[in-house]
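Values below: every heavy atom of this structure, side chains too, minus hydrogens, waters and symmetry copies. Everything numeric here is computed off the predicted structure, so don't read it as measured data.
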Amino acid sequence: MELDRASRELESNRSQLSARSNEIGKLIGKKIGGGCDPKGEEIAQLKNEGNEIKIKLSKLEPQEKALKAKIEALLLELPNLPDDSTPLGKSEDDNVEIKRWGDEYIPDNQNILPHWEIGEKLGILDFKRAVKVAQSRFVNLVGAGAALERALISFMLDTQIDAGYTEVMPPVLINSDSLQGTSQLPKFAEDSFKCSNDDLWLTPTAEVPITNLYRDEILEDTELPIRHCAYTPCFRREAGSAGRDTRGLIRLHQFNKVELVKVVVPETSEAEHQTLVENAEAILRALKLPYRILELCTGDIGFGAAKCYDLEVWLPSAGMYREISSCSNCRDFQARRADIRFKQAGKKGTQYVHTLNGSGLAVGRTMAAILENYQQPDGTIKVPDVLQPYLKREVL
RNA sequence: GGAGAGGUGGCCGAGUGGUCGAAGGCGCAGCACUGGAAAUGCUGUAACGGGGUGACCCGUUCGAGGGUUCGAAUCCCUCCCUCUCCGCCA
């Protein structure tokens with residue numbers, strides 16, 4: 001706050017000086033244009049005054065700049081303010097479960113194999129060779145595994161396109177400005193992969209390239225709401241998660257995701273958030289995968305979100321629900337960083353948009369859920385009805 | 001990656017140190033003409049930020065950032081992007 005006050009003072013000071021400086025520049029121009037001797041007394045005097053102002057300005061400008069940079073850096077470190085309705089809490093233990101669906105689909109088979117075991121048995125998941133080619137926490141999908149992944153992606157996209165989203169296929173290598181725009185930078189640099197020779201990063205989520213499509217733009221209110229869905233691979237270093245979920249598809253460095261992103265006017269963002277969650281839920285329901293919805297508490301909510309719902313799918317082998325989608329309303333937080341505004345017809349000035357994003361869904365985790373929930377006693381996997389047209393088979 | 005040419009308002013395009021935020025055209029808006037329209041004529045028309053009820057006023061912006069200068073769209077440096085040719089390549 002103090003910094004801000006100082007900065008404003010400097011700014012008004014500087015602005016007055018540059019006004020006078022502009023004036024002098026113009027005056028000299030006029031006099032010379034009007035036939036005045038460029039080397040004469042009058043001009044020399046003006047030049048002098050101009051020089052003095054210049055000296056003052058040269059002192060003020062760096063001060064102002066340094067201050068603004070300092071403020072900027074401080075602000076970039078600040079997380080979004082949670083919405084008033086976001087439950088208070090310290091950790092994920094304080095998240096509030098608000099819905100449970102599909103209990104009747106929870107398999108009672110006691111002999112369910114974890115998805116990585118069944119996957120390797122069926123020859124559709126190959127972790128070993130993926131490690132050779134890359135590192136641990138990578139997977140190679142083989143045959144029906146690759147086809148299932150592709151079917152899921154197509155099914156998810158088709159469903160969301162029907163729900164009114166426009167598909168995009170953005171770059172997955174993105175620059176630092178983009179990561180800053182959606183608030184992955186500066187705080188989470190350690191969590192992303194960076195190219196060593198270029199200012200490019202592997203995108204950790206399609207939220208970044210999609211939201212940044214509109215960075216530094218002033219949209220017409222008639223263009224809003226913008227609703228995009230996209231399939232992209234996502235890349236995360238998973239720094240700090242050593243030892244957690246080291247087996248299977250749950251926590252990989254590279255995974256596929258279908259993402260939903262909305263750019264909306266502030267008045268509708270709450271309602272758009274609700275439908276975003278419903279759109280993500282629709283996939284789980286269509287696949288008949290049991291899930292629950294948590295409303296994240298203040299202690300667990302992400303850096304950029306004001307309000308966030310997590311969808312968690314039932315994983316029988318673990319005997320627990322695991323996150324499969326996270327649906328956030330960032331309000332104007334990202335819009336301010338990325339400078340995404342809109343103009344209302346007939347109204348003066350501009351306003352910040354609200355941005356929302358959610359997974360619809362994480363594809364690898366969906367595959368894991370299917371491999372476990374759809375296991376049959378004979379060790380085969382029944383293909384969910386809605387995927388059969390894509391896979392052209394009923395059993396894996 | 002190499003060589004060259006560029007990046008100016010909603011669009012095209014002029015402008016190589018000074019009354020330039022920027023000629024001209026297109027587009028758009030208003031008015032006139034018309035029964036109505038087209039054509040034509042006249043007038044107006046950049047954005048963003050800040051201030052004022054308002055007419056307006058101030059600041060910033062000619063790809064971005066720095067420099068030279070009293071003064072930069074114009075000169076110098078760095079970077080980004082686009083186009084042409086060559087090279088390389090899925």
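Rounded to whole Å, the distance from CZ on A:Arg215 to P on B:C81 is 13 Å. A:Ile218 places its CD1 atom 7 Å from the C1' atom of B:A47, with the value rounded to the nearest Å. Atoms CD (A:Glu220) and C1' (B:C28) sit 14 Å apart, rounded to a whole Å. Atom pair A:Lys343:NZ and B:A46:P shows a separation of 12 Å (rounding to whole Å applied). Distance CD (A:Glu223) to C1' (B:G10): 13 Å, rounded to an integer number of Å. In this entry the distance linking CZ of A:Phe342 with C1' of B:C48 reads 16 Å, nearest Å. The nearest whole Å value for the distance from the CG atom in A:Asp216 to the P atom in B:U61 is 17 Å. The interatomic distance linking A:Asp198 (CG) with B:C81 (C1') rounds to 15 Å, in whole Å.
B:A5 and B:C77 are spaced 13 Å apart, taking the P atom of each and rounding to whole Å. Rounded to whole Å, the P atom of B:U40 lies 37 Å from the corresponding atom of B:G18. The P atoms of B:C57 and B:G67 are separated by 31 Å, rounded to the nearest whole Å. Taking atom P in both B:C11 and B:A47, the straight-line distance is 12 Å, to the nearest Å. For the C1' atoms, the distance from B:C81 to B:G17 is 27 Å, rounded to whole Å. For the P atom pair drawn from B:C56 and B:A73, the interatomic distance equals 26 Å after rounding to whole Å. For the C1' atom pair drawn from B:G9 and B:A14, the interatomic distance equals 13 Å after rounding to whole Å. The same atom, C1', is picked in B:U78 and in B:U43; the two are 46 Å apart, to the nearest Å.
Residues A:Lys307 and A:Ser328 have side chains that never bring a donor and an acceptor to within less than 3.5 angstrom of each other. Using modelled atom types and a 3.5 Å distance limit, the side chains of A:Ser178 and A:Asn175 yield a donor-acceptor pair.
Judged by Watson-Crick or G-U wobble contacts below 3.5 Å, the nucleotide B:G41 has B:C31 as its partner. In this structure, B:C26 and B:G10 make a Watson-Crick or G-U wobble pair, each of the two defining distances being under 3.5 angstrom. B:G87 is unpaired under the Watson-Crick or G-U wobble criterion, no partner having all donor-acceptor distances under 3.5 Å. Across every strand in view, B:G18 sits in a pair with B:C70 that passes the Watson-Crick or G-U test at under 3.5 angstrom. Here B:A5 sits opposite B:U82 as a Watson-Crick or G-U wobble pair (both hydrogen-bonding atom distances under 3.5 Å). B:G54: no Watson-Crick or G-U partner with both key distances under 3.5 Å is found in any strand. With a cut-off of 3.5 Å on both pairing distances, the Watson-Crick or G-U wobble partner of B:A46 is B:U61.
Residues satisfying the ring-ring contact (aromatic ring centres under 6.0 Å, His included) test with A:Phe127, not counting sequence neighbours, are none. For A:Arg129, the salt bridge (Lys or Arg N to Asp or Glu O under 4.0 Å) partners at least two apart in sequence or on another chain are A:Asp126.
Note on A:Arg341: every side-chain N or O is 4.0 Å or more away from OP1 and OP2 of B:A47. An OP1 or OP2 oxygen of B:G49 is reached within less than 4.0 angstrom by a side-chain nitrogen or oxygen of A:Thr350.
The pair A:Glu120-A:Lys128 does not meet the salt-bridge criterion, since no charged nitrogen lies less than 4.0 angstrom from a carboxylate oxygen.
Using bins of under 30°, 30° to 60° and over 60° for the plane-to-plane angle, the ring pair A:Phe188/A:Phe303 lands in the perpendicular bin.
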